[in-house]
Colleague: 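I have a structure here, written as structure tokens, and I will follow up with some questions on it.
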Amino acid sequence: RDLVRSRGLGDVYKRQRYGRFERTFLLFSIPLMGQAIANLVVSKAHTLVLGIFYSEAAVGVYSTVVQMAGYLSMITMAFGFIYVPVLSSLVALRDRFAIARGYRVMTKWLFAAVGPLMVMLFFFPSQIINLLFGSEYVTGAAALRILALVGIPYGMFGPALYTLISLGRTRDIFWTAMAFAGVNLILCFTLIPPYGMVGAAAAFFLSAIFYRGLMVLLLRNTAGPFCAKNLKIMGFTLASTSFILAYPALNASSFAWWWPFLAIATTYAMLAVSLYIFKGVEREDMALAEQVSVKTGIPLSGLLKILAR
């Protein structure tokens, strides 16, 4: 009888424990499902609203442009797979200083990954489109130039979304995503009728700034990307790259097709100069670079050792 009773109490305890886990899991994951739905709405809204007011040809050109700019968000997602496990361990240790420092380091790496692609798409949109899809799609160049600026919230605002996930603040993510979808729909119906593809791109860019900026604001007491060193590195890199590429971008018709790829090389060169000038290579960067070098075979750690001083 005692054995049966103990087994019965054990089963009750297991059910209660599993019930608490199930409730916690649902409370954590359901807001993320809502956020995914809101992001799906945003990703389709500007194209669908454009189709209401403009021709199928405009929608086809714009859809192609959106796919090209979509690589900016894909880079951010790729970094999330690296960042979330590391940050979750720091959250478990309740090391707020390490969380804030890790956020700033990852922001620097995100900018290094997103920045060159953003610069290339911004300065040479016509050449990129003509090279990949042909001259009939060049009408979307202005929209692509605006969509390239989405690299600012994706790269320079840091991994705010994944930080909120690691902190367990999925309800905040849900409500910011709902606000993101609402603002995007308002901007779409405001800007697309008079401006077409340019208005659609502007609606998405402005709503992305609002979305990422709101998440950074939610993290103001925990972490933030805008330390003085990061601002100097990103500002110097973009300003010097823009100065170098301004002339070829304005006279791109007289230059060869390889100018867009030169934009990537120029951005990385100016980033390296800024890291050296502002002493931007830290021990966390070296540790991450060594892991990347081991996995990929790219001598990234050796390059950072040269820039470190």
Side-chain angles (χ1 to χ4, degrees), residues 72 75-76 79-80 82-84 86-87 90-91 93-119 122 148-164 166-167 169 172 176 205-206 208-246 264 266-292 300-301 303-309:
L72 296 169
I75 293 172
T76 306
F79 271 82
I82 303 172
Y83 178 68
V84 170
V86 175
L87 185 65
L90 296 177
V91 171
L93 295 173
R94 298 182 179 180
D95 191 341
R96 296 186 63 180
F97 176 78
I99 291 171
R101 190 174 179 85
Y103 188 99
R104 296 187 181 104
V105 169
M106 189 55 65
T107 300
K108 196 190 317 176
W109 281 76
L110 264 177
F111 174 74
V114 173
L117 179 59
M118 177 183 71
V119 169
F122 180 80
L149 295 176
V150 173
I152 294 175
Y154 283 163
M156 298 177 68
F157 285 14
L161 171 62
Y162 300 108
T163 304
L164 289 171
S166 300
L167 293 172
R169 298 175 61 179
D172 292 335
T176 53
F205 167 66
L206 293 174
I209 288 284
F210 169 79
Y211 181 42
R212 296 282 172 164
L214 190 58
M215 285 192 289
V216 170
L217 187 63
L218 290 172
L219 291 168
R220 63 188 182 279
N221 295 324
T222 305
F226 301 120
C227 65
K229 184 175 292 186
N230 276 5
L231 287 175
K232 291 177 182 177
I233 291 170
M234 292 186 288
F236 179 85
T237 302
L238 292 178
S240 57
T241 303
S242 300
F243 178 78
I244 294 171
L245 296 178
I264 295 179
T266 303
T267 307
Y268 276 123
M270 292 300 101
L271 176 61
V273 171
S274 66
L275 288 174
Y276 182 80
I277 292 175
F278 300 112
K279 301 179 181 180
V281 180
E282 302 171 270
R283 63 177 184 272
E284 293 87 354
D285 298 311
M286 295 300 302
L288 186 57
E290 289 176 359
Q291 294 181 14
V292 172
L300 187 59
S301 58
L303 177 61
L304 289 187
K305 287 179 182 179
I306 296 174
L307 297 176
R309 62 183 183 122

Colleague: Which value, rounded to the nearest 0.5 Å, describes the distance between Tyr268 atom OH and Leu275 atom CG?
Modeller: 11.5 Å
Colleague: With rounding to the nearest 0.5 Å, note down the distance linking CD1 in Ile244 to CE in Met270.
Modeller: 4.0 Å
Colleague: For a 4.5 angstrom cut-off between non-hydrogen side-chain atoms, does Tyr154 reach Leu110?
Modeller: no
Colleague: What's the separation between atom OG1 in Thr176 and atom CG in Leu164, rounded to the nearest 0.5 Å?
Modeller: 7.0 Å
Colleague: Under the ring-ring contact (aromatic ring centres under 6.0 Å, His included) test, which residues partner Tyr211, sequence neighbours left out?
Modeller: Phe180
Colleague: Where is the tightest heavy-atom contact between Leu271 and Ala112, given as atom of each residue plus distance?
Modeller: CD2-CB, 3.5 Å
Colleague: So Leu87 and Ile99, do their side chains get closer than 4.5 Å, heavy atoms only?
Modeller: yes
Colleague: Quick one: CZ on Phe157 to CG on Leu219, what's the gap to the nearest 0.5 Å?
Modeller: 12.5 Å
Colleague: List the atom of Ser274, the atom of Thr237, and the distance in Å for their closest heavy-atom pair.
Modeller: OG-OG1, 3.0 Å
Colleague: Working to the nearest 0.5 Å, report the span between CE of Met106 and OG1 of Thr76.
Modeller: 11.5 Å
Colleague: For Thr266, which residues count as a side chain to side chain donor-acceptor pair (under 3.5 Å) partner, sequence neighbours excluded?
Modeller: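 Scan of Thr266 (side chain to side chain donor-acceptor pair (under 3.5 Å), adjacent residues dropped) gives none.
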Colleague: For the pair Lys108 (side chain) and Ile233 (backbone), establish whether a donor and an acceptor sit closer than 3.5 Å, ignoring hydrogens and angles.
Modeller: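 Absent.
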Colleague: For Thr107 and Pro159, work out which heavy atoms get closest and say how close.
Modeller: OG1-CD, 3.7 Å
Colleague: Please answer whether the main-chain N or O of Asn221 pairs with a side-chain N or O of Arg96 as donor and acceptor at a distance below 3.5 Å.
Modeller: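 Side chain of Arg96 to backbone of Asn221: a pair is present.
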Colleague: Quick check against the 3.5 Å criterion: does Lys229 have a side-chain atom that pairs as donor or acceptor with the backbone of Lys279?
Modeller: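 A pair under 3.5 Å: yes.
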Colleague: Any idea which heavy atoms bring Ala148 and Leu72 closest together, and the distance?
Modeller: O-CD1, 3.7 Å
Colleague: Heavy atoms only: give me the nearest Pro153-Ala208 pair and the separation to one decimal.
Modeller: CB-O, 3.9 Å
Colleague: So Phe236 and Val273, do their side chains get closer than 4.5 Å, heavy atoms only?
Modeller: yes
Colleague: How many angstroms lie between atom OG1 of Thr267 and atom CG of Leu245, to the nearest 0.5 angstrom?
Modeller: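 Between atom OG1 of Thr267 and atom CG of Leu245 there are 6.0 Å.
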Colleague: Are any of the side-chain heavy atoms of Tyr83 and Thr163 separated by less than 4.5 Å?
Modeller: yes
Colleague: Ignoring hydrogens, what is the shortest heavy-atom contact between Leu238 and Met118? Give both atom names and the distance.
Modeller: CD2-CE, 3.8 Å
